[in-house]
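Working notes for the structure below.
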Amino acid sequence: MKVLVTGGLGYIGSHVVVELQQQGYQVVIIDNLMNSSESVIDGIVEITGITPEFEKFDLRDKKNVRDFFKRHKDLQDVIHFAASKAVGESVKDPLLYYENNLNSLIYLLQELQGAEQANFIFSSSCTVYGQADILPITEDAPIKPAESPYGNTKQIGEEIILDVCKANQNINTISLRYFNPIGAHPSASIGELPQGIPQNLVPFITQTAIGLREQLSVFGNDYPTRDGTCIRDFIHVVDLAKAHVVALQRLQKKQNTNHFEVFNIGTGQGSTVLEVIRTFEEVSGIDLNYKFADRRSGDIVAAYADTQKANSVLGWRSELQLRDALESAWSWEKKIRDNKTSPY
Ligand code: NAD
Ligand code: WQD
């Protein structure tokens, strides 16, 4: 019942660790803390009462990865989050992204090749679809040329895994293509910790509301959508976390029909940027200071998931609403800024 969660102290990984522990799994985390903090463990313990095992090292170090698996010979379940994820940074420093996101993946798979049976869950992204021609987006939608080195690492990552699964029938993988994860645990014990100026919409909204940023820029109000702003499928991180447990159980019970399966993980509902702002204003009671600005380069007009495959084959569906996600994001923001003892 022991599961390796790489990047388990990061935003999504920490929520998955909580769900796993609440389902009775023992967890071992590998994280080099390049985009997280060891104090996230305290938040996990606050929620679950259980301290996960934690090993701090860099997955780009092949020897470390090998030593780890020598010490954990019976480990066969891996959920792999560890990666660099900032789209803009990946354009400026592509080699960091190719090195981190691909080498870490390759070194892990090299160790799993020798296992009797290995179950591997991969963090992929709706970014692989680019601007899809048909909405909602099904898993069969064509993969478009990547808009960024980050997006390319997800496409190449999936291709690497597919080839490895073909060559090694003992490795079974589910690749989860997340749409836009937002929100925090309802306890406000764990949440998103963006470094520097947030690039994503919801942390920018909450940081503006708390007074850390002066004003939110809404990138573009002349898109061909119902109010002129872009449409995304915002999924509560707790719902997303639960999808990982269900996916792992599918592999453990050998219910998968292919060695490599793909599922879209979203709500199936598209919300515009303005709808997100209005909903945030409702749940927080704050008038958000925002203005319309030019379109952001590389943004697609609209993306939301067709969740039929996840619903019927995986047996998972999102349960929480946009307002729940925004309420939890706001509680988390208030907690980390108001609490004088906060390490953040
Ligand atoms: P995050 O940065 O919060 O978490 C990633 C964690 O991995 C961090 O704790 C970081 O310190 C760790 N890490 C990175 N490189 C490492 C390495 N070489 N060795 C050890 N640890 C390392 O990111 P997140 O938002 O939780 O994303 C998790 C995964 O989901 C990533 O693979 C990301 O690409 C993918 N994803 C994220 C989103 C999103 O919007 N957040 C959307 C789609 C896919
Ligand atoms: C959402 C909408 C912006 C900030 C990114 C990655 C994608 C995936 C999820 C990892 C867009 C608008 C944003 C702001 C704004 N990550 N916006 N003002 O771009 O859909 O996806 O995160 O795999 O790969 O590209 O998310 O939150 O950045 O933007 O108006 O200050 O909000 O233009 O329309 P995006 P986002």
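Just so you know, ligand 1 is whichever comes first in the structure, and atom 1 is the first atom listed for that ligand.
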Sequence neighbours left out, cut at 3.5 Å: what donor-acceptor pairs do the side chains of residues 132-139 make with other protein atoms?
residue: D133; atom: OD1; partner: K144; partner atom: NZ; Å: 3.3
residue: T138; atom: OG1; partner: D140; partner atom: N; Å: 3.3
residue: E139; atom: OE2; partner: N264; partner atom: N; Å: 2.8

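A single hydrophobic cluster is seen to contain both Y178 and I235, as judged by linkage of ILVMFWY side chains at heavy-atom distances under 4.5 Å, directly or through other members.
Of the charged side-chain nitrogens involved, at least one lies within less than 4.0 Å of a carboxylate oxygen, so that R296 and D299 count as a salt-bridged pair. Using a 4.0 Å cut-off between charged nitrogen and carboxylate oxygen, E333 and R337 count as a salt-bridge pair.
Exactly one of N172, N119, D77 qualifies for a side chain to side chain donor-acceptor pair (under 3.5 Å) with Q252. That residue is D77.
Listed by atom number, the atoms of ligand 2 under 4.0 Å from C230 heavy atoms are 34 (O). Those atoms of ligand 2 that come under 4.0 Å of a heavy atom in S217, given as number and element, are 14 (C), 15 (C), 18 (N), 30 (O), 31 (O). Per-residue contacts place N180 under 4.0 angstrom from the following atoms of ligand 2 (heavy atoms of the residue considered): 20 (O), 21 (O), 26 (O), 35 (P). Near T127, with a cut-off below 4.0 Å to any heavy atom, the atoms of ligand 2 are 24 (O).
Given atom 30 (O) of ligand 2, the protein heavy atom at minimum distance is F219 N, 2.9 Å. Among all protein heavy atoms, the one lying closest to atom 23 (O) of ligand 2 is Y150 OH, 2.6 Å.
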Name each N or O atom in ligand 1 that is under 3.5 Å from a protein N or O, and give the partner atom and the distance.
residue: ligand 1; atom: 2 (O); partner: N35; partner atom: ND2; Å: 2.6
residue: ligand 1; atom: 3 (O); partner: Y11; partner atom: N; Å: 2.9
residue: ligand 1; atom: 9 (O); partner: G10; partner atom: N; Å: 3.3
residue: ligand 1; atom: 9 (O); partner: D31; partner atom: OD1; Å: 3.2
residue: ligand 1; atom: 9 (O); partner: D31; partner atom: OD2; Å: 2.6
residue: ligand 1; atom: 9 (O); partner: S36; partner atom: OG; Å: 2.7
residue: ligand 1; atom: 11 (O); partner: D31; partner atom: OD1; Å: 2.7
residue: ligand 1; atom: 11 (O); partner: N32; partner atom: OD1; Å: 3.4
residue: ligand 1; atom: 11 (O); partner: M34; partner atom: N; Å: 3.1
residue: ligand 1; atom: 11 (O); partner: N35; partner atom: N; Å: 2.9
residue: ligand 1; atom: 11 (O); partner: S36; partner atom: OG; Å: 3.3
residue: ligand 1; atom: 13 (N); partner: N32; partner atom: OD1; Å: 3.4
residue: ligand 1; atom: 15 (N); partner: N100; partner atom: ND2; Å: 3.1
residue: ligand 1; atom: 18 (N); partner: D58; partner atom: OD1; Å: 2.9
residue: ligand 1; atom: 18 (N); partner: N100; partner atom: OD1; Å: 2.7
residue: ligand 1; atom: 19 (N); partner: L59; partner atom: N; Å: 3.0
residue: ligand 1; atom: 21 (N); partner: N32; partner atom: N; Å: 3.0
residue: ligand 1; atom: 21 (N); partner: N32; partner atom: OD1; Å: 3.1
residue: ligand 1; atom: 25 (O); partner: K85; partner atom: NZ; Å: 2.8
residue: ligand 1; atom: 26 (O); partner: Y11; partner atom: N; Å: 3.3
residue: ligand 1; atom: 26 (O); partner: I12; partner atom: N; Å: 2.8
residue: ligand 1; atom: 32 (O); partner: F81; partner atom: O; Å: 2.8
residue: ligand 1; atom: 32 (O); partner: K154; partner atom: NZ; Å: 2.9
residue: ligand 1; atom: 34 (O); partner: Y150; partner atom: OH; Å: 2.6
residue: ligand 1; atom: 34 (O); partner: K154; partner atom: NZ; Å: 3.1

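The distance criterion of under 3.5 Å between nitrogen or oxygen atoms is not met by V218 with respect to ligand 2. The shortest N/O to N/O separation between F179 and ligand 2 does not fall below 3.5 Å. Between K85 and ligand 2, a contact under 3.5 Å exists for no N or O pair.
Between H244 and F81, the ring centre distance stays below 6.0 Å.
Taking 4.0 Å as the cut-off, Q199 counts as a neighbour of ligand 2 on heavy-atom distance.
With F263 as the aromatic partner, R177 does not meet the cation-pi criteria of under 6.0 angstrom to the ring centre and within 45 degrees of the ring axis.
Aromatic ring orientation, F68 versus H72: parallel (interplanar angle below 30°, classes split at 30° and 60°). Ring planes of Y11 and H15: perpendicular class, angle over 60° (limits at 30 and 60°).
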